[in-house]
Amino acid sequence: MKAAVAHEFKQDLKIEDVEIPSIGVNDVLVNIKASGVCHTDIHACHGDWPVKPKMPLIPGHEGVGEITEVGMNVGHLKKGDRVGIPFLYTACGYCDYCLEGKETLCPDCRYTGYHEDGGYADYCRADARYVVKIPDDIDYIEAAPLFCAGVTSYKALKVSKTKPGDWVSVVGVGGLGHLAVQYAVAMGLNVIAVDTGADKKDLSLQLGASHFIDFKSGPPERQIKSLLGTGVHAAVCTAVSKAGFESAYASVRRGGTLVLVGLPPEDMPVPIFDTVINGITLVGSIVGTRRDLEECLNFAAAGKIKTNIEVRKLEEINTIFDELEKGQVTGRIVMDLS
Ligand code: NAD
Ligand code: ZN
Ligand code: ZN
């Protein structure tokens with residue numbers, strides 16, 4: 001099968017002919033039809049984070065397609081089913097977190113396109129217990145970005161503890177952020193989008209943001225405070241930038257919440273005094289559970305969420321990474337593998 005393979009950190013991926021993976025008793029084999037490109041895939045291929053991925057690696061955790069083989073113990077899925085393989089490849093199923101339906105916090109979880117080969121290939125093996133079915137009304141290209149960008153932004157808003165009518169800022173209107181804007185609007189929140197450039201401004205306003213702030217035109221927190229007279233109830237930061245996080249922190253009102261989603265390989269110093277005095281909540285949010293994913297897919301099936309997609313080919317992956325790193329992608333790139 002054809003796959004894009006990373007062999008060393010910070011080197012170009014190579015398009016290669018590799019063996020179709022064999023499956024175990026709890027697995028399914030998925031013939032990948034479409035694969036979204038998440039900024040996390042670049043962090044993986046660069047070895048940006050303290051926990052390193054396997055090498056060589058087939059990246060990708062927004063791979064969707066059709067099941068072509070089913071392991072002996074799998075009863076709830078069959079050949080021909082349409083599924084997506086999310087970032088959470090597997091979890092133990094027995095720890096406190098798994099039992100509480102918080103499987104993304106399982107200490108023994110493994111990630112797709114990180115610890116296990118992912119969706120930048122014609123076929124991908126998946127743990128049948130952690131794949132999620134795609135509703136009939138969503139085609140493969142539309143479904144792919146929901147398996148990470150969609151569920152992650154949806155979950156980030158859930159943990160922001162906001163309610164309809166509240167103000168939320170979405171800092172970073174990329175693959176995740178432009179979906180966060182839409183989920184926020186669908187949840188009845190008022191949205192301030194923060195990013196840079198005319199394309200992201202137009203997209204944000206078209207998707208229902210009330211305001212767009214260009215972070216290159218001065219500190220966004222100052223502009224937010226002059227717009228609202230105070231800060232936002234919650235900021236969801238998806239920016240791959242420490243400066244973006246610092247500004248998001250500074251833009252939250254007393255009693256508000258900063259949801260940390262983006263994963264720049266830097267640290268953000270947290271001001272203790274301001275956090276205490278202002279009663280600020282900081283929440284880290286990692287992808288979403290299978291239940292979150294089902295909910296997030298249902299929003300899209302109901303026509304409330306539409307990813308701004310540019311369809312490309314697997315062979316273009318190195319150029320795609322380059323464009324994503326430069327912030328030139330408006331929405332999500334999905335590679336057509338059908
Ligand atoms: P993306 O490249 O599509 O979007 C990032 C956006 O941030 C770009 O539009 C860029 O212009 C913008 N940006 C950069 N600096 C900024 C600043 N100072 N202020 C505002 N915006 C700024 O990336 P993506 O695929 O949306 O992923 C974003 C980040 O989220 C990555 O670090 C990725 O690894 C991480 N991520 C986290 C999770 C999770 O579960 N927490 C899941 C998926 C991705
Ligand atoms: Zn992702
Ligand atoms: Zn567990």
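First listed ligand is number 1; within each ligand, the first listed atom is number 1. Since this is a predicted model, take the numbers as computed values, not measurements.
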CZ/F215: more than 12 non-hydrogen atoms of other groups inside 6.0 Å: yes
Closest approach of any protein heavy atom to atom 4 (O) of ligand 1, naming residue and atom: G174 CA, 3.3 Å
K52 NZ to H115 NE2 distance, which is reported to the nearest 0.5 Å: 11.5 Å
Value rounded to 0.5 Å, distance of OG1 in T90 from OH in Y130: 5.0 Å
Closest approach of any protein heavy atom to atom 29 (C) of ligand 1, naming residue and atom: T238 O, 3.3 Å
Co-membership, hydrophobic cluster, residues V191 and I224, 4.5 Å side-chain: no
Euclidean distance, L297 CG relative to I305 CD1, rounded to 0.5 Å: 11.0 Å
Protein heavy-atom partner closest to atom 16 (C) of ligand 1 - residue, atom, separation in Å: F215 CE2, 3.5 Å
Joint hydrophobic cluster, V132 plus I85, side-chain heavy atoms closer than 4.5 Å: no
Per-atom contacts, ligand 1 versus R332 - under 4.0 Å to a heavy atom: 24 (P), 25 (O)
Residue part near ligand 1, for H43, under 4.0 Å between non-hydrogen atoms: side chain
Residue and atom names of protein N/O/S atoms that fall under 2.8 Å from the Zn ion (ligand 3): C92 SG, C95 SG, C98 SG, C106 SG
Residue pair H61 / D41, side-chain donor-acceptor N/O under 3.5 Å: yes
H61 NE2 and C38 SG subtending at the Zn ion (ligand 2) (10° steps): 110°
Atom 1 (P) of ligand 1 [closest protein heavy-atom partner, distance rounded to 0.1 Å]: H39 ND1, 3.7 Å
Heavy atom of the protein closest to atom 15 (N) of ligand 1 (residue, atom name, distance): S241 CB, 3.4 Å
Heavy atom of the protein closest to atom 3 (O) of ligand 1 (residue, atom name, distance): G175 N, 2.9 Å
Atom 40 (O) of ligand 1 [closest protein heavy-atom partner, distance rounded to 0.1 Å]: V287 N, 2.6 Å
Heavy atoms of other groups near Q328 CD, more than 12 under 6.0 Å: yes
Shortest protein heavy-atom distance from atom 43 (C) of ligand 1, along with the residue and atom involved: C148 SG, 3.3 Å
W49 and ligand 1 - part of the residue with a heavy-atom distance under 4.0 Å: side chain
Among V259, N190, L189, side-chain contact (heavy atoms from CB on, under 4.5 Å) partner for V168: L189
Heavy atoms of other groups near K313 NZ, more than 12 under 6.0 Å: no
Electrostatic pair K200:D214 at N-O distance under 4.0 angstrom: no
Any V329 heavy atom less than 4.0 Å to ligand 1: no
Within-cut-off N or O pair, G177 and ligand 1, under 3.5 Å: no
Contact check, V240 vs ligand 1, heavy-atom distance below 4.0 Å: yes
Pairwise distance CD(E103) to CZ(R290) - rounded to 0.5 angstrom: 4.0 Å
For ligand 1, the portion of T40 having any non-hydrogen atom under 4.0 Å away: both
Winner among D195, I286, V151 once heavy atoms are compared against atom 12 (C) of ligand 1: D195
Sub-4.0 Å heavy-atom approach of K200 to ligand 1: yes
Short N or O distance, L263 and ligand 1, threshold 3.5 Å exclusive: yes
A239 contact mode with ligand 1 (heavy-atom cut-off under 4.0 Å): both
T289 and D292: side chain donor to acceptor below 3.5 Å: yes
Nitrogen or oxygen atoms of V171 and ligand 1 under 3.5 Å apart: no
Distance (rounded to the nearest 0.5 Å) between L88 CG and I286 CD1: 9.0 Å
Contact with ligand 1 for C38, non-hydrogen, under 4.0 angstrom: yes
Spacing of L227 atom CG and S210 atom OG [to the nearest 0.5 Å]: 9.5 Å
Heavy atoms of other groups near K201 NZ, more than 12 under 6.0 Å: no
Within reach of ligand 1, part of S285 (heavy-atom separation under 4.0 Å): backbone
Salt bridge (Lys or Arg N to Asp or Glu O under 4.0 Å) assessment of D96 paired with K102: CA-CA 8 Å; D96 284 350; K102 296 177 186 163; over 6 Å; no
The Zn ion (ligand 2) to nearest N/O/S of H39 less than 2.8 Å: no
Whether Y111 and Y114 hold their rings parallel, tilted or perpendicular, with breakpoints at 30° and 60°: perpendicular
